[in-house]
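What follows is a short report on a single structure.
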Amino acid sequence: MFELEQEKERVLLVGVSVDDGDDTEESLDELAELALTAGAETVGRVIQNREQIHPGTYVGKGKLEEIKDLLWETEADGIICDDELTPAQLGNLRDELNTKVMDRTLVILDIFASRASTREGKIQVELAQLKYRQSRLTGYGTSLSRLGGGIGTRGPGEKKLEMDRRLIKSRIAQLNRELKDVKRHREVTREQRSRNHVPVVAVVGYTNAGKSTLLNKLTGAGILAEDKLFATLDPTTRGLKLPSGQEILLTDTVGFIRKLPHHLIEAFRSTLEEAKYADMILHVVDASNPQMERQMYTVYETLYQLGVQEKPIITAFNKQDRLEETFTVRDFKADDTVKISARTGEGLYVLQEKLENVLRQQKVAIEQMYSYREAGKIQLIRKYGELIEEEYLEEGILVKAYVPVTIYDKVRSV
Ligand SMILES: Nc1nc2c(ncn2[C@@H]2O[C@H](COP(=O)(O)OP(=O)(O)OP(=O)(O)O)[C@@H](O)[C@H]2O)c(=O)[nH]1
Ligand SMILES: [Mg+2]
């Protein structure tokens, strides 16, 4: 018996370079990567140098002819533009080229759709997809059937995506209500965590940087880690005991990418905002990626967009095992940096020490004499803080410790 392998879609990538330094080539490399993850093979690329993106057809007239020829030569099934197309651009390109027209956003949405596994994730993806489609129905004809199969037709829960405008509207309203419910639940969990005084560290970074691999290595979390973009969609939280005995919670988050579709940011806000409620940020960087600097920039930009500011940050330059020589690394936005390999475990002890150091700075040092009646407070310190020294004297117990500001009042000796 043999199976017929489903034929991959063949696509042309199209990008517009608006100024000399805007690394459109690299952006297309990434788009090819995204296309591959979504199941399409790149068979050609076209880059136009243009002062601005053409408002009507994305590229200019001359380029359109070039694309037509290339479509014919390569027998491609469609094109993917590197920026989000307006409904008008989409419609015009379809008419001009008479082929399937996709954009970066559609591809990312498609990947998210096939990755979503929790209820929240599914609602968020469907919401983002519907909002994207809502304004583009004319571009696709009245239904999505004009897309044929492949990219752009995937939906969470295999929902039929061919809806008319009116249905889309009511479905969006329904999904928004459902999302509110799940959000409330998330807020409750978050509140419980903060009441427990366990510091939360959000692991953020560009997609494929190695966030999940790191969390798995540190905590044995068993999260799917893959050489694919957006392997993780749903935040996973695991406990970790640092060398000093201090317990923390590590939260794995969805990866960032340049030109992250705004509908996705909107829909995934509560997921992305995990970082906002964390006590500190662990920024994982793929130091073996030639685009490292650019990726770091995107991460900080996205964090800023999400309103995550002024939190302590440790940047971990990951995948050191892939580097032939070590480079000096810098991150002026971070409070501290460390070189690690989540794969081999190199540098992970130092990383944990650095996490401890930063957390310690958020704590107050105390040196106090407790009466024996107050022994319960020492228990509290042991649990939530870091007990450095205790000495049993006749007049009481002398304690040196670091305690979180949040419990300082509770452990003060009277
Ligand atoms: N050589 C090497 N590969 C690594 C290292 N850390 C992660 N990887 C690989 O990088 C790929 C991506 O890792 P993930 O842990 O899935 O990355 P992620 O940041 O969670 O990615 P998303 O969830 O997609 O945002 C996987 O193939 C990992 O095996 C490392 O230290 N060295
Ligand atoms: Mg991941």
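Side-chain atoms are counted along with the backbone in the values below, which use heavy atoms only and exclude waters and symmetry mates. Counting starts at 1 for both ligands and their atoms, in listed order.
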Exercise. Thinking salt bridges, do K339 and D321 make one under a 4.0 Å N-O criterion?
Worked result: no
Exercise. Quick one: does D23's side chain have a donor or acceptor within less than 3.5 Å of a partner on E26's backbone?
Worked result: no
Problem set entry | Pair E9 + K100, salt bridge at N-O below 4.0 Å | yes
Exercise. Below 4.0 angstrom, N of the basic side chain to O of the carboxylate: do E126 and R171 qualify?
Worked result: yes
Problem set entry | Contact with ligand 1 for G205, non-hydrogen, under 4.0 angstrom | no
Seminar exercise, completed: shortest atom 13 (O) of ligand 1-to-protein heavy-atom contact is with T213 OG1, 3.4 Å
Exercise. Nearest to atom 31 (O) of ligand 1, what protein heavy atom do you find, and at what distance?
Worked result: A342 N, 3.0 Å
Exercise. Hey, is the Mg ion (ligand 2) within less than 2.8 Å of some N/O/S atom on S212?
Worked result: yes
Exercise. In the protein, which heavy atom is nearest to atom 8 (N) of ligand 1, and how far is it?
Worked result: K319 CE, 3.6 Å
Exercise. Out of R343, R322, Q320, E346, who gets a non-hydrogen atom closest to atom 29 (O) of ligand 1?
Worked result: R343
For this session: With V403 as reference, evaluate V411, L387, L380 under the side-chain contact (heavy atoms from CB on, under 4.5 Å) test and give the passing residue.
Result: V411
Exercise. Between V11 and D77, does a side chain to side chain contact (heavy atoms under 4.5 Å, CB included) hold up when you go through it step by step?
Worked result: CA-CA 6 Å; V11 292; D77 305 303; 5.8 Å; no
Exercise. Taking non-hydrogen atoms only, is N318 closer than 4.0 angstrom to ligand 1 via side chain, backbone, both or neither?
Worked result: side chain
Seminar exercise, completed: Ranked by distance from atom 12 (C) of ligand 1, the top protein heavy atom is N208 OD1, 2.9 Å
For this session: Do me a favour and list the nearest non-hydrogen protein atom to atom 25 (O) of ligand 1 with residue, atom name and distance?
Result: K211 NZ, 3.0 Å
Exercise. Does the N or O separation between D252 and ligand 1 drop below 3.5 Å for any pair?
Worked result: no
For this session: Please indicate whether any nitrogen or oxygen in I340 is less than 3.5 Å from any nitrogen or oxygen in ligand 1.
Result: no
Seminar exercise, completed: The answer for which part of D321 has a heavy atom under 4.0 Å from ligand 1 is side chain
Exercise. Can you find a heavy atom in the side chain of I313 that is under 4.5 Å from one in the side chain of Y300?
Worked result: yes
Exercise. Tell me, which protein residue and heavy-atom name are nearest atom 17 (O) of ligand 1, and how many Å apart are they?
Worked result: G210 N, 3.1 Å
Exercise. Quick check: does A209 get an N/O under 3.5 Å from an N/O on ligand 1?
Worked result: yes
For this session: Could you check atom 24 (O) of ligand 1 against the protein and tell me its nearest heavy-atom contact, residue, atom and distance included?
Result: A231 N, 2.7 Å
Exercise. Considering only heavy atoms of G255, which atoms of ligand 1 have at least one such atom less than 4.0 Å away?
Worked result: 25 (O)
Problem set entry | For atom 16 (O) of ligand 1, the protein heavy atom that lies nearest, with its residue and separation | E226 N, 3.0 Å
Exercise. So, are E247 and K383 salt-bridged, with charged N and O less than 4.0 Å apart?
Worked result: no
Problem set entry | Interfacing atoms of ligand 1 (cut-off 4.0 Å, heavy-atom, T207) | 22 (P), 24 (O), 25 (O)
Problem set entry | Residues K354, D336: salt bridge by 4.0 Å N-O rule | yes
Problem set entry | Side-chain heavy-atom pair I67, L97 within 4.5 angstrom cut-off | yes
For this session: Apply the side-chain contact (heavy atoms from CB on, under 4.5 Å) test between E84 and each candidate in Q89, R104, K259, H262; give the one that qualifies.
Result: H262
